There are 2 protein chains.
Amino acid sequence: MARKPKQQRSKATVDAIVQAALISIASHGPSAITARQIAEKAGIGVGSLYEYFEDKDAIIDAASKRFVSDTVDLIKPLIPELVRLDIREAIEKLLFSFRDFLEENNQLYLRCARHAFSMDMVIYQSPINSALMELFTQYLMHHPQLLKLPNIPTVAYFYINGGIFTVVRHLSEDNPIQSFEELTTVFGDILASYVDKKVELAG
Amino acid sequence: MARKPKQQRSKATVDAIVQAALISIASHGPSAITARQIAEKAGIGVGSLYEYFEDKDAIIDAASKRFVSDTVDLIKPLIPELVRLDIREAIEKLLFSFRDFLEENNQLYLRCARHAFSMDMVIYQSPINSALMELFTQYLMHHPQLLKLPNIPTVAYFYINGGIFTVVRHLSEDNPIQSFEELTTVFGDILASYVDKKVELAG
DNA sequence: TGCTCGTTCGGATTCAACTCGGATAATCAG
DNA sequence: CTGATTATCCGAGTTGAATCCGAACGAGCA
């Protein structure tokens, strides 16, 4: 059990298991999954699951990690472009990319993200937060006049955490009270207002 | 099964079950609970659980509802006082009350709240959001010059959702990067900056 | 071909949710 | 007060899902 895949076909099996787990998490949530479901979706026998994974939780862990690393892979390449933009434009661009990512594959990732906030999983989210924090930091480096802002780390903390949660929740609403475009406008406006106001006061 | 309690002692039993479920959720999360645990903590036999609850999920539901209604009972009475305060003061007062509430009973509610973000439970949260929305609305009524602000519902949506999540997450951190006081300052500052900037532009 | 070892499988085992039938306690009619 | 009736409580036993395990399969190699 929990052995390393050594041949090509077994690597494919592991991948199929992770993919099947992601799909199952998306449709039923991590606690409602059965091992049989995963095995069936992956097209293998139940016993085979336990060749590569200690138990069901290990499978869910692997799926969560896949989810997080795919998200980080979305954010990282955007940084060089975003840091050159105006705050509102940068946020708009980031949020639209994020939305498109979440909506891919019939909302596979969005439906996983809905379950990612149970705080057990927050540990795995930290790479996502780090990536966004890096974006924040690099943005500041490219706009040195912003370094005067008070409470930068705390603002980033509020903005990143609150922002992720709000976007995922908004995209999950059956009857959103506002469009995604309105949300991006407000996201930009709130941060830009804070920045303008504080720069004004400081300078 | 799922009968109505008719005698005093059975009401106490139901209450003990809900309380035990809250404690169990707080310590292990809703999916890891076993029926035996709940029964044992409540000081009753396993069978008794099923006298008043359809199944384990019904018990967890009841506990969630208790959590939500206790939270609403915290917010509602604060509204009349908060609407008379300055934005920063109001937010500070609200956040400190909220923190104290979450930290009561050895963080019972905080530890439950950590699990409340798995989106299954978001349905039950809506009364909390409604209560905060009412606070928002009543605040605007008492400060009519604010009604000029653009995108009020969306700002409220972002602020309430992001705010709740960020506070719960902050209080759950082992090594918070900032104090709770700093967080409340930033919360107040961000909203006040937005308001100031927009009122300035509009008037 | 026959051997070996990585891989796959599904029946056997374990464990938790839930049921059932009867014991015990409260309530009430006479 | 007593027996009948109803409410409550219980925990051994049933059921089904998670996990384990030993046999079967097949690719590579002598």
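The sequence lines fix the lettering, A, B, ..., with proteins before strands; numbering per chain opens at 1. Bear in mind the structure is a predicted one, so any value in this text is a computation, not a measurement.
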For this session: With sequence neighbours left out, write down each residue that passes ring pair (Phe, Tyr, Trp, His ring centres under 6.0 Å) with Y109(A), or none if nothing qualifies.
Result: F67(A), F101(A)
For this session: Check DNA chain D against residues 32-45 of chain A and give the residues with a non-hydrogen atom under 4.0 Å, in numerical order.
Result: I33(A), T34(A), A35(A)
Exercise. Salt bridge (charged side-chain N to carboxylate O under 4.0 Å, His left out) with E89(A): which residues, sequence neighbours excluded?
Worked result: none
Problem set entry | d(CG, L49(A); P, dT8(C)) in whole Å | 11 Å
Exercise. Could you state the CD1-P distance from I17(A) to dT7(C), rounded to the nearest angstrom?
Worked result: 12 Å
Exercise. Quick one: which of dC9(D), dT19(D), dA17(C) gets closest to the side chain of Y50(A)?
Worked result: dT19(D)
Problem set entry | Side-chain donor/acceptor of N105(A) to backbone N/O of L108(A), under 3.5 Å | no
Problem set entry | Within residues 7-24 of chain B or reaching into it, pairs that qualify as salt bridge (Lys or Arg N to Asp or Glu O under 4.0 Å) - sequence neighbours excluded | D15(B)-R66(B)
Exercise. Is any side-chain heavy atom of Q178(A) less than 4.5 Å from a side-chain heavy atom of N151(B)?
Worked result: no
Exercise. Taking for each residue the nucleotide of DNA chain D with the nearest heavy atom, is it D57(A) or G47(B) whose nucleotide lies nearer the 5' end?
Worked result: G47(B)
Exercise. Whole Å only: how far is the CZ atom of R9(B) from the P atom of dT6(D)?
Worked result: 16 Å
For this session: State whether T13(A) places a side-chain N or O below 4.0 Å from either non-bridging phosphate oxygen (OP1 or OP2) of dT8(C).
Result: yes
Problem set entry | Donor-acceptor pair present, E51(B) side chain and dC10(D) base, under 3.5 Å | yes
Problem set entry | Separation of atom OH in Y52(A) from atom C1' in dC20(D), rounded to whole Å | 16 Å
For this session: Would you mind reading off the distance between H28(B) atom NE2 and dA16(C) atom P, rounded to a whole angstrom?
Result: 13 Å
For this session: State which residues pass salt bridge (charged side-chain N to carboxylate O under 4.0 Å, His left out) with D61(B); sequence neighbours excluded, sorted by chain then number.
Result: none
Exercise. Which whole-number value in Å describes the distance from Q7(B) CD to dA7(D) P?
Worked result: 8 Å
Exercise. Phosphate oxygens OP1/OP2 of dC10(D): is one of them under 4.0 Å from a side-chain N or O of S48(B)?
Worked result: yes
Exercise. Considering only dG11(D), dA17(C), dA7(D), which nucleotide approaches the side chain of K56(B) most closely?
Worked result: dA17(C)
Problem set entry | Set of residues satisfying ring pair (Phe, Tyr, Trp, His ring centres under 6.0 Å) with respect to H143(B), sequence neighbours excluded | Y139(B)
